[in-house]
Student: 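So that we are looking at the same thing, I have put the structure below in structure tokens.
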Amino acid sequence: MAGKKAARLPRTVYEKELLRLQTELAKLQEWVRAEGARLVVVFEGRDAAGKGGAVKRVSERLNPRVTRIAALPRPTERECTQWYFQRYMEHLPAAGEIVLFDRSWYNRAGVEHVMGFCTREEYQLFMRQCPIFERMLVEDGILLRKYWFSVSDTEQQERFRRRLEDPLRRWKLSPMDLESITHWEAYSRAKDEMMVHTDIAEAPWYVVESDDKHRARLNMISHLLDSVPYHEVPPPVLELPSRPPSTGYERPPRDLQTYVPDHTADL
């Protein structure tokens, strides 16, 4: 229930349900491919809100030729002179494809606006054009889903601390992430204003409570599956062929090739 903090989801429950949902995602992917559908999923939220982890769980068992992740770097000088949405359009799916935007054109409504990386005029233009842009995508037949991962200030702070202390996670933390702590209210106001302008009927925002990452991932994936009218596509009938008889091939001597050392022998 919204407003009431639920207990942490047991890992065994999480892993079992995640596997079930990922099986359904594979069915969704085959439906998209067979029907020639185009699906765009936008993942947004504060730093350390769990967007990247959710993207990974959605994509990890899917075909990368069908399901792509778009995580765009800082725009180049040339891209800065383009229409703002132009570089994102290049990553939109063709028929039979899914694109997961790990952050998206909404950078302008968030970090660019709060940190002063765009002008007030550019920000206002984005707010006017974004709903039009998204309506055009939907009108053209693209299935557009937008998820906002909502994390509390205390949980975000704890995740930042763990990243600082863990060498395997430290790469996730940038000076810009840490600076966001001092701009918490500014980001909150920016998010509220963004929602007012871009939470449209054709492409509504769906908020994912993400203080518990496991619950957030399962809730988000379940909602995505429920929101798309996919059905299971029968797989092609495949049979493993018999191996033909040998025609005299002999493998070259091992000493003619360089092998990777057996690191595991010393474990």
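Treat the numbers as computed from the prediction; the structure is a model and nothing was measured.
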Student: We want to know whether Glu79 and Tyr84 form a side-chain donor-acceptor pair, criterion being a heavy-atom distance below 3.5 angstrom.
Tutor: no
Student: Going by atom types only, do Glu35 and Tyr230 share a side-chain donor-acceptor pair under 3.5 Å?
Tutor: no
Student: With rounding to the nearest 0.5 angstrom, report the OG to CH2 distance, Ser152 to Trp184.
Tutor: 6.5 Å
Student: Quick one: do the Ser227 and Arg145 side chains pair a donor with an acceptor below 3.5 Å?
Tutor: yes
Student: Please tell me whether Arg215 and Tyr14 have a donor and an acceptor in their side chains that are separated by less than 3.5 angstrom.
Tutor: no
Student: For the backbone of Phe149 and the side chain of Lys51, can you confirm whether one donor and one acceptor N or O come within less than 3.5 Å of each other?
Tutor: no
Student: Ignoring hydrogens and geometry beyond distance, is a side-chain donor-acceptor pair present between Tyr187 and Glu185 at under 3.5 Å?
Tutor: no
Student: Is it true that Glu134 and Thr198 share a donor-acceptor pair across their side chains at a distance under 3.5 Å?
Tutor: no
Student: Begin from the C-alpha positions of His197 and Phe126 and carry the test ring-ring contact (aromatic ring centres under 6.0 Å, His included) through to its verdict.
Tutor: CA-CA 10 Å; His197 288 85; Phe126 170 84; 9.6 Å; no
Student: Look only at the side chain of Asp212 and the backbone of Leu9, and say whether a donor-acceptor pair between them is shorter than 3.5 Å.
Tutor: yes
Student: Just checking, any donor-acceptor pair under 3.5 angstrom between side chains of Ser188 and Arg46?
Tutor: yes
Student: Sort out for me which residue in Leu144, Leu100, Leu143 forms a side chain to side chain contact (heavy atoms under 4.5 Å, CB included) with Val40.
Tutor: Leu144
Student: Identify which one of Val41, Asn219, Leu21 satisfies the side chain to side chain contact (heavy atoms under 4.5 Å, CB included) criterion when paired with Leu224.
Tutor: Val41
Student: For the aromatic rings, using the six-membered ring if either is Trp, is the centroid distance between Phe133 and Tyr88 under 6.0 Å?
Tutor: no
Student: Answer yes or no: is there a donor N or O on one side and an acceptor on the other, between the side chain of Arg38 and the main chain of Asp140, under 3.5 Å?
Tutor: yes
Student: Do we see a donor-acceptor contact under 3.5 Å between the side chains of Gln129 and Trp105?
Tutor: no
Student: Under the 3.5 angstrom rule, does the side chain of Asp199 hit a backbone N or O of Trp205 as a donor-acceptor pair?
Tutor: yes
